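Hydrogens, waters and symmetry mates play no part in the numbers below; they use all other heavy atoms, side chains included. For clarity, every value in this text was computed on a predicted model and none was experimentally measured. Counting starts at 1 for both ligands and their atoms, in listed order.
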Amino acid sequence: MCGIVGYVGRSDALEFLLRGLRRLEYRGYDSAGVAVIDAHGHLRVVKAAGRIEGLEERLRADPISGCIGIGHTRWATHGPATDVNAHPHIGGNGLVAVVHNGVIDNYLPLRARLEAEGYRFRSATDTEVIAHLVDSSLRRHGLVREADHREAAGEALVTGLDLAKADYAPLVRAVQEALVQLQGTYGLAMVLPAWPEVLIACRLGSPLIVGVSEGEHFVASDASPFAGYADRIVYLADHEMALMTADSLRVVHRDQGRIAHQVQVLDLPPDAVDRGGFPHFMLKEIFEQPESLRNAMRGRLDRDAATARFGGLNLSAQQLASVRRLVMTACGTSWHAGLVGEYQIETLARLPVEVEYASELRYRNPPLEPGTLLFAITQSGETADTLAALREMKRKGHPTLAICNVVGSTIAQEADGGIYLHAGPEVGVASTKAFTSQCLVLALLALYFGRLHHLSFDAGMRIIEQIEELPDKVRQALETNDLVRQIALRYCEANNFLYLGRQFNYPTALEGALKLKEISYIHAEGYPAAEMKHGPIALVDAHTPSVFLMPQGPVYDKVLANVQEIKARGGPVIAVACQGDRQVRQLADEVVEIPAVADFLQPIVSIIPLQLLAYHIAVARGCDVDKPRNLAKSVTVE
Ligand code: F6R
C-alpha cells in the first residue's frame with residue numbers, strides 16, 4: 001500500500017525521492033507526490049493522480065530542487081485518487097508538509113475541532129488533520145515566531161548541522177503533542193521550512209526505516225529504496241521519532257525521551273530491486289525460485305540428526321516437544337501456503353494443524369488449549385490482519401512464531417521467534433517465490449516436528465534427500481515456459497477458469513486460481529477436484545477451461561476420473577501431470593509435464609506452470625502484470 005520516502009543530505013533530494021518512489025511502486029498506489037524545501041527555504045509541493053510518470057511530467061514542467069524532501073505513493077482509503085488527495089499535505093500556514101501511511105481512526109472529530117479553530121481543509125484525507133495538528137501545535141508552543149524570524153532573516157539552507165548542538169527539544173515537544181491526539185496507525189515523514197535542515201520520521205503501527213550513509217540520511221517505509229544509497233539502517237519502533245540532519249540522527253521515544261538507536265548493516269545490492277533483463281518483476285521472481293528455495297533450505301538440513309534446524313525459534317526443545325496443536329494464520333497466498341503446511345505437518349508429523357484466515361481469527365475466539373503454537377505466515381510481515389491475529393494470540397498467552405520474508409518487519413519483530421524465507425525482495429504484486437519458499441519452510445517444519453515425535457532416522461534422511469533435489473525439479477518445471485505461453489495464447493480469451501486438484505494439490509488449485517484472477521482479471525475458482533460435482537460443474541462448457549493438477553500419487557486415478565467428467569461435458573482440460581504420463585494425454589486437450597517429486601513437495605513444483613500460465617495470459621490480455629489494478633503488495637489496513 002502507500003509508500004514513504006524522505007531525504008536529507010547534500011545532494012538533490014528529488015533524485016532519491018523519485019527513484020525511491022519507483023521502487024515502492026510494487027506496493028500498489030494510485031497517486032504520488034513530493035515536497036522539497038528549496039535553497040531559499042521555500043516549501044515546494046508537486047502531486048499528481050495516477051502513475052509516477054504523471055508526477056515526473058509535472059516536475060519537468062515545474063522543476064524543483066533542494067537537499068531535503070519527502071515523497072509518497074498513495075493507495076486511496078479516505079477520498080478518491082485525485083491530485084488534491086495525494087500526499088504530501090500541508091499544515092494550514094505552510095509550516096509543515098506531511099506524508100502518511102496508515103489510518104487515523106479519530107480524524108472526523110479532529111477535523112471538526114480544527115475547522116472550528118479556523119483551519120480550512122483542502123482534501124478528503126485523514127492525513128490532512130495531522131498536518132494541521134502539527135501546525136496548530138507549533139503555533140501553540142510559540143514556535144511560529146521563530147519560524148517567521150528565521151525566514152525573515154533569510155537564513156540559507158544549513159546542511160550538516162549537528163543535532164547535538166542544536167536545541168530541537170521545543171520542536172520535538174510540539175510534534176509529540178500533536179501526535180498524542182491521533183488514534184489509529186501512522187508512519188509519518190515531515191519537513192518544516194522553518195527547520196530546513198531537519199527531516200522528521202515518526203511511527204505507530206506502520207513501518208518506517210531510517211537509512212544511514214556518509215553525509216546523508218534517508219527514510220522509507222521499507223528498505224527497497226535504499227539499495228545503492230544507504231548501507232546501514234535503523235528500524236523505528238512504535239512511538240519513536242527520528243530527527244535527521246545530513247550528519248546526525250537522533251531517536252526520541254514518546255515516554256523515554258532520547259534513546260540509543262541500533263544501527264544495522266543493510267545487505268541489499270543495487271540490482272536486488274531491478275528487473276534483471278526480464279520484462280516484469282513477476283517473471284524474474286518466477287525464474288528465481290530454484291535459487292530462493294536453495295536459500296530457504298541453506299543451513300537448515302541437519303544430516304547428523306536427520307532433521308531440520310532453525311536458528312530463531314526462541315523456544316526450547318522441551319517447549320517444542322510439548323506442542324500439541326499448530327494454528328497457522330495468514331491472508332491470500334500466504335494462507336494457501338498455510339493449507340499446504342497443514343497437509344505436510346499432519347502427514348509427516350501427525351500433529352493437528354488448523355489454518356485460519358487472519359481477518360477471521362482476529363475477531364473469533366476459538367477455544368485453544370495450552371500447547372497451541374501459532375504460526376503467522378506472511379511475505380511482507382506488515383499485513384494488518386495477520387499482525388492483529390498474532391497480537392490477539394499473544395495476548396491469550398500462546399507462543400507465536402513468524403514465517404516471514406521481510407527482515408525486521410513488524411510481524412518478524414513482534415513474534416516470539418520465527419523463520420525467515422530469505423527469498424530476497426519480492427516486488428511483483430502477485431506473490432510467487434515467497435509462496436514456494438513458505439511451502440518449503442513448512443515442509444522443513446513438518447520434518448522437524450516429525451522427528452520430535454515418531455519419524456525414524458531413515459525416514460528423516462529420505463525426506464532430506466527429497467528436499468535437496470527440489471531446486472533442480474523446479475528448474476525443470478520452469479522449462480515448460482514456452483509450452484505454457486502457447487497454451488496461454490490459446491485460452492487467454494476465456495472469461496472463466498476452474499482449477500482443480502486434490503490433497504496436497506488442493507491448495508495449489510486455490511493458489512493457481514488466485515494468480516490468474518489477480519493479474520489477468522479473469523474469474524477463476526479453485527476447488528478440491530471431486531467437490532466440483534457439488535456445484536461448479538454447472539459452469540463447465542466449451543469456453544470454460546479446467547486446469548487439473550494431477551501428478552502421480554495416491555489420488556491420481558480419482559483425479560483422472562474427474563477429468564473424464566469434465567470432458568464428458570465438453571469442457572477443455574489443461575492437465576499438469578508427471579513427465580511420461582500417457583493416460584492423461586488421451587484425455588486432456590493440453591498437457592504440461594512436470595518432474596515427479598514426493599507428494600508433500602508437489603505443490604512447490606506444480607504451482608510453477610500455473611504461475612507461468614497466469615503471467616502469460618495477463619501479458620496476452622495487455623494487463624499491467626506487476627501492478628494489477630486495485631491491489632497492493634502489502635495490505636497495511638484492515
Ligand atoms: C497474492 C498476494 C496476496 C498476499 C496477501 C498476504 O499474490 O500476494 O494475497 O499473499 O496479501 O500478504 P503477506 O504474505 O505479505 O502477509
Compute the centroid of each ring, for H523 and then for F497, and state whether the two points are separated by less than 6.0 Å. no

min-distance protein heavy atom vs atom 6 (C) of ligand 1 -> C331 O, 3.3 Å

Compute the ring centroids of F16 and Y229, then answer whether they are less than 6.0 Å apart. yes

Of the protein's non-hydrogen atoms, which lies at the shortest distance from atom 4 (C) of ligand 1, and what is that distance? T333 N, 4.0 Å

Please state which protein non-hydrogen atom is closest to atom 11 (O) of ligand 1 and give its distance, to 0.1 Å? V635 CG2, 4.1 Å

Pull out every atom of ligand 1 sitting under 4.0 Å from any heavy atom of S380, numbered as shown with elements. 13 (P), 15 (O), 16 (O)

Enter the distance from S334:OG to Q379:CD here, rounded to the nearest 0.5 Å. 7.5 Å

Any chance the rings of Y615 and H280 have centres within less than 6.0 Å? yes

Does the Lys NZ or Arg CZ of R629 fall within the cation-pi geometry relative to Y521 - under 6.0 Å from the ring centre and within 45° of the axis? yes

For atom 16 (O) of ligand 1, closest protein heavy-atom neighbour: T383 OG1, 2.4 Å

Can a cation-pi geometry be assigned to R362 and Y357, taking NZ or CZ under 6.0 Å from the six-membered ring centre and within 45° of the ring axis? no

With atoms numbered from 1 as shown, which atoms in ligand 1 lie under 4.0 angstrom from a non-hydrogen atom of S431? 7 (O), 8 (O)

Which atoms of ligand 1 have any heavy atom of E518 under 4.0 Å away? 1 (C), 7 (O)

Any atoms of ligand 1 less than 4.0 Å from a non-hydrogen atom of V429? List them with their elements. 7 (O), 8 (O)

Report the part of K515 in contact with ligand 1, treating N, CA, C, O as backbone and CB onward as side chain, heavy atoms under 4.0 Å; options are side chain, backbone, both, neither. side chain

Is a side-chain donor or acceptor of N295 paired with a backbone partner of A423 at a separation under 3.5 angstrom? no

Can you list the ligand 1 atoms lying under 4.0 Å from a non-hydrogen atom of A430? 7 (O)

